[in-house]
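Inspection log for the structure reproduced underneath, given as structure tokens.
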There are 4 protein chains.
Amino acid sequence: MADHGIARDQLRAFIERIERLEEEKKAIADDIKEVYAEAKGSGFDTKVMRQIVRIRKQDRNERAEQEAILDLYMHALGMADAGSQSEYDEAAE
Amino acid sequence: MADHGIARDQLRAFIERIERLEEEKKAIADDIKEVYAEAKGSGFDTKVMRQIVRIRKQDRNERAEQEAILDLYMHALGMADAGSQSEYDEAAE
Amino acid sequence: MADHGIARDQLRAFIERIERLEEEKKAIADDIKEVYAEAKGSGFDTKVMRQIVRIRKQDRNERAEQEAILDLYMHALGMADAGSQSEYDEAAE
Amino acid sequence: MADHGIARDQLRAFIERIERLEEEKKAIADDIKEVYAEAKGSGFDTKVMRQIVRIRKQDRNERAEQEAILDLYMHALGMADAGSQSEYDEAAE
DNA sequence: TCCCTGATAGCGTCGC
DNA sequence: GCGACGCTATCAGGGA
């Protein structure tokens, strides 16, 4: 039974951490809204702004995908890419 | 009561159309799987293939977004774009 | 080097087949959307409709599973099933 | 023309603030994912956890709504509510 | 106020 | 069999 108690506490802790993080996330989402509202107040068209944000994001993603596919090719060809091994070492694989 | 009967038949018809279409959709999804499987059988790396397909799609989307944002600017500036009214006429809007 | 050229063409063919199929899939997905939109225009609640579709699908899956189990038993008993009336008969509904 | 330059800078500033905030938002979303992953590693069922989180959120929303209604009555009766102990006290749970 | 679009979360699939 | 990724469906916010 003690185990259940422990598990319960652990679960509770996880849940609370998540809820705390979700609060933060929501706070930020609200901040974003505020910025759009402020921009609108300054005469900008939020629709256009959203599109700009979206397209810039796409650009970044595109670049990321390009890199990803390059890596993929390299591996497919049995060539590990030296350099850019940042953050994790795949040599072990 | 007759109304309910009519509505029921109408609803039934809609549901069946949807289910039929979903069957077709699934059939195509299966076809896609088959193609990947076949390619794999020919020695291709499906992961790479999926990436290629994805990136090509992104390219197309990017172009579409570019056009969309252009349109948006044009409208924001009060300039309807003459031409490119292909497929549907926005004049009515 | 010729090999690479061949592989390249083959790959290209696979990619194009996939892209063609994905287009078709998307077209059908759009058709489905249209049907929902039309139903909505006729006063139906699409949320409810989606639930109906989902439930009916589950039912079919359950039936399929039941049949699968039956088949399993039949084979375990050394009895091949003679046809099992393909696709099931909806007349009864 | 100077105006356009100013507007441009202003727009740029808004866009960058938004992008910065979206990065933060994403970072938090990733943190949440990590917590779920960690919980999973401790043997918890994340699907159940997500349900718990969702339900507790609903509960909070309901409580908030109840309070809102209460406030409404209070105001209708010309009685301002004195503070209403902001944010609710979780000690009782 | 309603509709539509975009964002998010859950599900299923694929690969390891 | 497990874990990760992509896709789909649902929900919420913004605009008309």
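Order of the sequence lines sets the chain letters (A, B, ...), proteins ahead of strands, with each chain counted from 1.
Screening A/R54, A/K57, A/R60, A/R50 against D/E19 for a salt bridge (Lys or Arg N to Asp or Glu O under 4.0 Å) leaves a single residue, A/R60.
To the nearest angstrom, C1' of E/dA7 lies 11 Å from CD1 of A/I32. Here E/dT8 presents its C1' atom at 14 Å from CG of D/D30, a figure rounded to the nearest Å. In this entry the distance linking NE2 of B/H75 with C1' of F/dG15 reads 15 Å, nearest Å. In this entry the distance linking CG of A/L21 with P of E/dT8 reads 16 Å, nearest Å.
Side-chain nitrogen and oxygen atoms of C/K40 include none within less than 4.0 Å of the OP1 or OP2 phosphate oxygen of E/dC3. Phosphate proximity of F/dT8 to C/K25: present, with a side-chain N or O under 4.0 Å from OP1 or OP2.
Within a 6.0 Å sphere centred on CD of A/E67, other residues, nucleotides and ligands contribute 12 heavy atoms or fewer.
A salt bridge links B/K26 to B/D30: at least one charged side-chain nitrogen sits closer than 4.0 Å to a carboxylate oxygen.
Across the interface with DNA chain F, nearest-nucleotide mapping of A/K47 and C/R50 shows C/R50 to be the residue nearer the 5′ end. Residue-to-nucleotide proximity on DNA chain E shows that, of B/T46 and D/Q51, the 5′-proximal contact is made by D/Q51. Along DNA chain E, the nucleotide nearest D/R54 and the nucleotide nearest B/Y36 are compared for position; the residue whose nucleotide lies closer to the 5' end is D/R54.
Taken from CZ in A/R20 to CD1 in A/I18, the straight-line distance is 14.0 Å, to the nearest 0.5 Å.
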